[in-house]
S.K.: 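Have a look at this one before I ask anything.
These values consider heavy atoms only, across backbone and side chains, with no hydrogens, waters or symmetry-generated copies. In the text below, chain A, chain B and the rest are named by the order of the sequence lines, each starting its count at 1.
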There are 2 protein chains.
Amino acid sequence: MLTPSQRQLLRIISESGPLSRTEMAQMLGLSKAAMSGLARDLIDLGMLHETDTVYGQGRPSVRLDLYPECAFFIGVSLLEEPAPMILSDLNGKIIARGSIPLSRDPAVVAEAIAQALPDLLDSHPDAREKLAGIGIALSGFVDETQANCVQSTLLNWQDVPLARIVQERCGIETFIENDAKAVAVSEKLFGSARDIQNFSVVTLGDGIGCAHFIDGKLYRGNHGGAGEIAHCTIEPGGSPCRCGKRGCLDTVASMKAVREMARAEGFSCDTLVELETEASKGNAAAIRILHRAGSALGLAIANLIQMNDPGLILITHVEGSFDGLFGTVLKQAVEANVLPRYAGQTPVRVKRVDGDIWARGAASIAAHKFLIGPHTN
Amino acid sequence: MLTPSQRQLLRIISESGPLSRTEMAQMLGLSKAAMSGLARDLIDLGMLHETDTVYGQGRPSVRLDLYPECAFFIGVSLLEEPAPMILSDLNGKIIARGSIPLSRDPAVVAEAIAQALPDLLDSHPDAREKLAGIGIALSGFVDETQANCVQSTLLNWQDVPLARIVQERCGIETFIENDAKAVAVSEKLFGSARDIQNFSVVTLGDGIGCAHFIDGKLYRGNHGGAGEIAHCTIEPGGSPCRCGKRGCLDTVASMKAVREMARAEGFSCDTLVELETEASKGNAAAIRILHRAGSALGLAIANLIQMNDPGLILITHVEGSFDGLFGTVLKQAVEANVLPRYAGQTPVRVKRVDGDIWARGAASIAAHKFLIGPHTN
DNA sequence: TTGATTTGTTCATTTCCTGAACTTAGTGTC
DNA sequence: GACACTAAGTTCAGGAAATGAACAAATCAA
């Protein structure tokens, strides 16, 4: 078992990349003496290794990096059928892929994970021995212990202690998390927000998800509901939403909503790209739909910037490009609706992601727990 | 100087009220042995004292409470002319009041504070000896060290190192903070949000301020701008705001905006109460104004709930009552615009405050620093 | 009165970190 | 190339803050 200091050390390397002992000592507020011992222990444990040497004045410094294969994690995404299941290392590199049939019975899910586990673990000689945890991403609300699903419409769950069930079946420490929050953690650990303490992720797909990192920690909210941007009212008195109210961001800017609006206008297109093509040809209806969606999402993001002043907004999407009307309007709407003094101060980054995003996010939940230790969050 | 553990102990008592040593040991994750020593030291230092005895099975537990007069704090509000300046104890009780002339010259402010200091300190025999810090609240943006005012329109400041200037003149540790954030800290330390880890404060007055506590800590945002709810776009394409954009919450729901709208409609009334009276008589224009303001603020708060899922929204106001149309519409708008599943889950509390609010908030900044220690936030 | 129960203290021990001195491995200069 | 200079990293004695176990203290329950 690792000590808190050892975990801290692993975490800052994970955040900042290779560092010399002296740099780490300064960052953690420890003496060089303490760092010397910590580093030695972690090198002996096979978790750190010396990389390059940096020459300056005085004795050169030797930078230490994580040994990415010092721990392995399983990630399962319960968002699709079949449910993707991956094996990843501490860098978020996907070592192996698999899948399990989706089920609404938690025991069946646990059994399926247990069944699929050996195959995945066989793909790396150390994986079995160094498996450190299982993470599961799902659509819905998760409690603060990250063990129980409080509510999931998609899975029709209410207070399901999924983590415990899987853990008992597989014998591996297991945590669950909301889909968007898992993606945020994966961006913090593996992605482009590694060294950013305050940022928000917006996942744009059939639905719209959002999650916040605050002071370097995932902020889950008082009921685990932080980031439910999809049901912010963005068009007061607008179209009815499946949630029961009207004018939710979800009803205008989700890819599902865009598709439905497109169909209602007689388009047969299934993707954003097709609609963008129509818009670029000058089709007024296509332009209207994209404009409406882009400005709605832009306004929501601007409000998020005003309220939380994050250091980065990261929009992930699976659909085609963001170079068209939708992306342009979105960015314009963000700029137009933040305090002019702040306009352009908050980077809004768009990242195209592949189908692994949710499973990788799930694995990152386990990796995060590995780096920060138990009984923390 | 206090150790981190001692500060932690003071903080949990400040949050939860009197606690027994065993309870505190559990809350802090320490052994009874460690707690025994900590408590003894703090009692010897005159910061803690034993209060009542709680009888149950086994040996009764003796609860420990803060000795509120173990530390004193100065709070200055640079929001009014003259600027109120108070002396408070660790419970937020105001021991003495004074004021200084407001100036845009930081050196003049520092000099005025230094001049007014002796009089305030004379009002309590221990105050001089136990003065632990000066807090200053101002309208504007403050950097993360809480020493520099990055920008203040009201004071016409840009990058003014006010805390250092005052500290050098007075010889007392000094911190500055944005007005709404100071109020949030004061509600966390002294007020009704003591034991709540995640909450947001909305200060309703001539302007609208807002600040968030997240995971028991004030969240300042990446540029110190978290909580700038006043310039969320709430009426797209609405009235122009002095910030340069349109439809900001500030242009519809601030008391200043309400007054201006009332004047534009030919009302001569100066306060919310008068407009409420008109509305209760059935005056359509008054009703329209109040409805518009209440629903705008309600929508903004609902969006805040959706985005951050706080455990409490605390609205502070100086104006008359919230029982009229404005308050009713506000609460309805909140309920109508949060996810129906969550409606009513987030308590929205309204608190009438007096003119001491800003100065007390300022003092709480110093008290907060005292409780959490230097080089932390 | 006796036992059960829980609070709080004492003390030897452990853990983790620090400060100071030292070793190591380079650069820059004459 | 010898020399000082600089900075990284190690070693080691010592110290602060915690722990665990045993114990003392104060009450309730039978």
Side-chain angles (χ1 to χ4, degrees), chain A residues 1-13 16-45 47-67 371-376, chain B residues 1-13 16-45 47-67 371-376:
Chain A
M1 214 44 185
L2 300 172
T3 68
S5 291
Q6 289 174 325
R7 290 201 144 90
Q8 271 199 326
L9 200 158
L10 295 180
R11 216 176 55 238
I12 59 161
I13 297 186
S16 313
L19 294 168
S20 74
R21 290 167 235 258
T22 309
E23 285 170 325
M24 290 189 285
Q26 277 167 0
M27 293 171 83
L28 296 181
L30 293 175
S31 63
K32 289 191 296 170
M35 185 53 58
S36 188
L38 282 177
R40 190 186 329 108
D41 292 348
L42 285 171
I43 290 172
D44 290 350
L45 281 168
M47 317 202 77
L48 284 188
H49 64 112
E50 301 194 335
T51 55
D52 50 342
T53 306
V54 177
Y55 299 89
Q57 252 187 342
R59 176 172 167 176
S61 59
V62 179
R63 301 203 299 169
L64 302 177
D65 200 1
L66 283 180
Y67 186 64
L371 287 177
I372 64 169
H375 322 304
T376 6
Chain B
M1 214 44 185
L2 300 172
T3 68
S5 292
Q6 289 173 326
R7 290 203 144 90
Q8 271 200 324
L9 200 158
L10 295 179
R11 216 176 54 237
I12 61 160
I13 297 185
S16 313
L19 294 168
S20 74
R21 295 170 189 21
T22 310
E23 286 170 325
M24 290 190 285
Q26 277 167 359
M27 292 171 82
L28 295 181
L30 294 177
S31 63
K32 290 189 296 170
M35 185 53 59
S36 187
L38 281 178
R40 190 186 331 109
D41 293 347
L42 285 171
I43 290 172
D44 291 348
L45 281 169
M47 318 203 76
L48 283 187
H49 62 113
E50 301 195 337
T51 54
D52 50 342
T53 306
V54 177
Y55 298 88
Q57 252 188 343
R59 174 172 168 177
S61 58
V62 179
R63 300 203 299 168
L64 302 176
D65 200 0
L66 282 181
Y67 185 64
L371 287 176
I372 64 169
H375 321 305
T376 5

S.K.: Please examine the side chains of B:Arg7 and B:Pro4, heavy atoms only from C-beta on, and report whether any two atoms are closer than 4.5 Å.
M.R.: no

S.K.: Counting only side-chain N and O atoms of B:Ser31, is one of them less than 4.0 Å from OP1 or OP2 of D:dA18?
M.R.: no

S.K.: Which nucleotide in the list D:dT11, D:dT19, D:dA8 gets nearest to the side chain of A:Ala33?
M.R.: D:dT11

S.K.: Respond yes when some side-chain nitrogen or oxygen of A:Ser5 is under 4.0 Å from OP1 or OP2 of C:dC17, and no when none is.
M.R.: yes

S.K.: Both B:Gly56 and B:Thr3 contact DNA chain D. Taking the nearest nucleotide for each, which residue is further toward the 5' end?
M.R.: B:Thr3

S.K.: Can you tell which of D:dA8, D:dA18, C:dG8 lies closest to the side chain of B:Lys32?
M.R.: C:dG8

S.K.: Taking side chain as C-beta onward, heavy atoms only, is B:Met27 less than 4.5 Å from B:Ser16?
M.R.: yes

S.K.: When you measure from the side chain of B:Leu38, which nucleotide among D:dT27, D:dA18, C:dG8 comes out closest?
M.R.: D:dA18

S.K.: Grab the CG-P distance between B:Leu30 and D:dA16 for me, whole Å please.
M.R.: 18 Å

S.K.: Report the distance from atom CD1 of B:Ile13 to atom CE of B:Met24, rounding to the nearest 0.5 Å.
M.R.: 4.5 Å

S.K.: NA contact type, A:Ser20, heavy-atom cut-off 4.0 Å: base, sugar-phosphate, or nothing?
M.R.: sugar-phosphate

S.K.: Contact class for A:Gly37 vs. all strands (heavy atom < 4.0 Å): base, sugar-phosphate, or nothing?
M.R.: nothing

S.K.: A:Glu50 has an atom CD; how far is it from atom P of C:dA25, in whole Å?
M.R.: 11 Å

S.K.: So, under a plain 3.5 Å distance rule, would you say the side chain of A:Arg59 forms a donor-acceptor pair with the base of C:dA25?
M.R.: no

S.K.: Under the 3.5 angstrom rule, does the side chain of B:Gln6 hit a backbone N or O of B:Thr3 as a donor-acceptor pair?
M.R.: yes

S.K.: Measure the distance from CE on A:Met35 to P on C:dC16 and round it to the nearest whole Å.
M.R.: 14 Å

S.K.: Write down the distance between OH (A:Tyr55) and P (C:dT24), rounded to a whole number of angstrom.
M.R.: 17 Å

S.K.: What nucleotide among D:dG20, D:dT6, C:dG8 has an atom nearest to a side-chain atom of B:Arg21?
M.R.: C:dG8

S.K.: Could you tell me how far apart B:Met24 (CE) and D:dA18 (P) are, to the nearest whole angstrom?
M.R.: 13 Å

S.K.: Would one find a side-chain N or O of B:Arg40 under 4.0 angstrom from OP1 or OP2 of C:dT10?
M.R.: yes

S.K.: Would you indicate, yes or no, if C:dG8 has its OP1 or OP2 atom less than 4.0 angstrom from a side-chain nitrogen or oxygen of B:Ser36?
M.R.: no

S.K.: To the nearest Å, give me how far apart CG (A:Leu2) and C1' (C:dT15) are.
M.R.: 16 Å

S.K.: B:Gln57 has an atom CD; how far is it from atom C1' of D:dA25, in whole Å?
M.R.: 16 Å

S.K.: Under 3.5 Å, side chain of A:Arg63 to main-chain N/O of A:Glu50, donor-acceptor pair present?
M.R.: no

S.K.: Could you state the atom-to-atom distance from CG of B:Asp41 to P of D:dA18 in whole Å?
M.R.: 10 Å

